[in-house]
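Since the structure comes first, as structure tokens, the remarks are kept for the end.
Note that the coordinates shown come from a computational prediction; the quantities given were computed from them, not determined experimentally.
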Amino acid sequence: MTENRDSSVKPETAYRTISEAATAIGVPQHVLRFWETRFRQLQPLKRGGNRRYYRHTDMLLLAKIRFMLHDQGLTIRGAQQALAGKSMTVADAPVPDAPNVTELPHLARFELDRLIAVRDRLRAALLA
């Protein structure tokens, strides 16, 4: 019996190692460690040997941080302010069109579908 090690097929309740999280988000492991020092909201579980385990909520936060820093071009400070709700209102936030999956290899398909659904709900709320 072989075990499936593909982190993209893990259920939402499963924890991900730093290696799996880094692969899913598309950044090196040291970047995730650095982000922990800059974003107080990011607090993965730490177990024996200081090993990190990322919950589903951590993965969503990592994807959001990566999007702000890499795709939107925000600085660390700008991303910190955006997460704290200090830099823009929801009405000011840009609502991007549906991304092409090939343009976002760092997001697992299930997370991309979830983000698209959230985007569509926000767009509907803003236009109402």
Side-chain angles (χ1 to χ4, degrees):
M1 192 166 27
T2 60
E3 181 180 339
N4 189 347
R5 304 284 296 174
D6 184 2
S7 64
S8 66
V9 295
K10 279 189 168 183
E12 288 183 9
T13 56
Y15 294 105
R16 286 164 175 74
T17 64
I18 192 167
S19 174
E20 292 169 328
T23 299
I25 300 301
V27 297
Q29 294 177 26
H30 71 270
V31 171
L32 298 184
R33 290 186 201 97
F34 173 73
W35 287 353
E36 279 182 48
T37 68
R38 297 297 185 251
F39 298 96
R40 70 178 192 280
Q41 301 92 335
L42 184 58
Q43 297 180 353
L45 294 175
K46 291 185 183 174
R47 300 255 168 95
N50 217 22
R51 288 181 50 97
R52 291 160 173 80
Y53 293 94
Y54 294 86
R55 298 165 288 230
H56 179 70
T57 54
D58 297 320
M59 295 300 296
L60 294 175
L61 179 58
L62 287 171
K64 187 173 187 175
I65 291 169
R66 187 197 185 286
F67 178 76
M68 288 189 291
L69 297 177
H70 292 238
D71 299 329
Q72 289 186 323
L74 293 178
T75 62
I76 294 280
R77 183 74 176 138
Q80 289 169 332
Q81 290 177 340
L83 287 173
K86 296 179 183 175
S87 65
M88 66 173 66
T89 65
V90 172
D92 296 332
V95 181
D97 289 328
N100 182 339
V101 176
T102 59
E103 295 173 8
L104 298 173
H106 56 278
L107 290 178
R109 179 66 199 182
F110 73 94
E111 291 183 47
L112 182 59
D113 290 340
R114 182 182 304 269
L115 291 173
I116 289 170
V118 169
R119 188 236 21 236
D120 292 343
R121 284 195 303 267
L122 285 172
R123 179 178 282 151
L126 289 172
L127 296 176

In this structure, would Ile18 and Tyr15 fall into the same cluster of hydrophobic residues linked by side-chain contacts under 4.5 Å? no
Partners passing side-chain contact (heavy atoms from CB on, under 4.5 Å) against Ser19 (at least two apart in sequence or in another chain): Thr17, Gln29
Could you measure the distance from the CZ atom of Arg66 to the CG atom of Leu32? Nearest 0.5 Å is fine. 11.0 Å
By side-chain contact (heavy atoms from CB on, under 4.5 Å), which residues pair with Arg40, not counting sequence neighbours? none
Under the rule for side-chain hydrogen bond (donor to acceptor under 3.5 Å, both in side chains), what residues qualify as partners of Gln41, not counting sequence neighbours? none
Of the non-hydrogen atoms in Ala82 and Met68, which two are nearest, and what is the gap between them? CB-SD, 3.7 Å
Check salt bridge (charged side-chain N to carboxylate O under 4.0 Å, His left out) between Arg33 and all other residues, then give those that pass, not counting sequence neighbours. none
Do Ile25 and Met59 come within less than 4.5 Å of each other through their side chains, counting heavy atoms only? yes
Partners meeting side-chain hydrogen bond (donor to acceptor under 3.5 Å, both in side chains) with Arg38 (sequence neighbours left out): none
CZ/Arg55 to CG/Leu60 distance, rounded to the nearest 0.5 angstrom? 12.0 Å
To the nearest 0.5 Å, what is the distance between CH2 (Trp35) and NE2 (His30)? 10.0 Å
Nearest 0.5 Å please: distance from the CG atom of Leu42 over to the CZ atom of Phe34. 12.0 Å
Interatomic distance, OH@Tyr53 vs CG@Asp58, rounded to 0.5 Å, equals 13.5 Å
If the condition is salt bridge (charged side-chain N to carboxylate O under 4.0 Å, His left out), which residues does Lys64 pass it with, not counting sequence neighbours? none
Closest non-hydrogen atoms of Ala22 and Pro28, given as atom of the first, atom of the second and distance, are CB-C, 4.0 Å
Distance in Å, Phe39 CZ paired with Leu83 CG, rounded so as to fall on 0.5 Å steps: 6.0 Å
